[in-house]
Amino acid sequence: MPFSIVVGLLAGQLSKKIFAGVWGKVAGEEAPDPKHREIAYTQLVVALIVEGAIQRLTRGFVDHGLRHAWTRGVGEWPGEERPEPK
């Protein structure tokens, strides 16, 4: 449990760096933040959607990769093998 918390926090920091790099390349400026006073709502919405998608992708890939590493080391998959059929 503590290991997954630390890895989750590191994945969150990694996703922030990725987002800042992507936004900088596309927009050529710092990403808007809700704490900024003078920003357009449309720009804020786009930034938040892109940031959320990058964060979800990063955490998902890190989690899945760690589960594969765990399986190689221990020999057992931590969690369900596949979703339950409907």
Side-chain angles (χ1 to χ4, degrees):
M1 181 67 145
F3 180 70
S4 65
I5 292 172
V6 169
V7 170
L9 291 172
L10 291 174
Q13 291 301 312
L14 176 62
S15 69
K16 285 182 182 182
K17 297 285 185 190
I18 293 170
F19 170 68
V22 168
W23 190 269
K25 293 274 187 200
V26 173
E29 60 184 23
E30 182 182 341
D33 192 286
K35 67 183 177 189
H36 295 148
R37 183 176 181 176
E38 296 180 9
I39 56 171
Y41 277 103
T42 54
Q43 189 180 25
L44 179 61
V45 167
V46 171
L48 292 174
I49 289 171
V50 170
E51 183 177 20
I54 289 173
Q55 184 178 36
R56 184 72 175 128
L57 280 168
T58 304
R59 287 182 180 216
F61 278 122
V62 168
D63 181 55
H64 194 69
L66 286 175
R67 288 176 188 272
H68 277 283
W70 178 268
T71 301
R72 282 191 298 274
V74 177
E76 225 175 89
W77 182 261
E80 298 177 22
E81 290 291 326
R82 62 184 47 88
E84 293 291 323
K86 289 185 179 184

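This is a predicted model, so every value here is computed, not measured.
Partners of R56 according to the side chain to side chain contact (heavy atoms under 4.5 Å, CB included) rule, which considers only residues two or more places apart in sequence or in another chain, do not exist here. Applying the side chain to side chain contact (heavy atoms under 4.5 Å, CB included) rule to V45 yields the partners I49; only residues at least two apart in sequence or on another chain are considered. Scored by the salt bridge (Lys or Arg N to Asp or Glu O under 4.0 Å) test, R67 finds D63 as partners (sequence neighbours excluded).
Closest approach of S15 and G12 over heavy atoms only: OG-O, 2.7 Å.
Screening residues 8-33 for ring pair (Phe, Tyr, Trp, His ring centres under 6.0 Å), with sequence neighbours left out, gives F19-W23. Evaluation of the ring pair (Phe, Tyr, Trp, His ring centres under 6.0 Å) test over residues 48-67, restricted to residues two or more places apart or in two chains, returns H64-H68, H64-W77.
The CG atom of L14 sits 11.0 Å away from atom CD of Q55, with the distance rounded to the nearest 0.5 Å.
The other members of the hydrophobic cluster of W70, by chain and number, are V74 (side-chain heavy atoms under 4.5 Å, ILVMFWY only).
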Result block: side-chain N/O donor-acceptor pairs under 3.5 angstrom for residues 28-41, not counting sequence neighbours:
{"from": "E29", "atom 1": "OE2", "to": "Q43", "atom 2": "NE2", "distance (Å)": "2.8"}
{"from": "D33", "atom 1": "OD1", "to": "K35", "atom 2": "N", "distance (Å)": "3.0"}
{"from": "H36", "atom 1": "ND1", "to": "D33", "atom 2": "N", "distance (Å)": "3.1"}

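Tracing side-chain contacts under 4.5 Å through hydrophobic residues (I, L, V, M, F, W, Y), one reaches I18 starting from V46; they form part of the same cluster.
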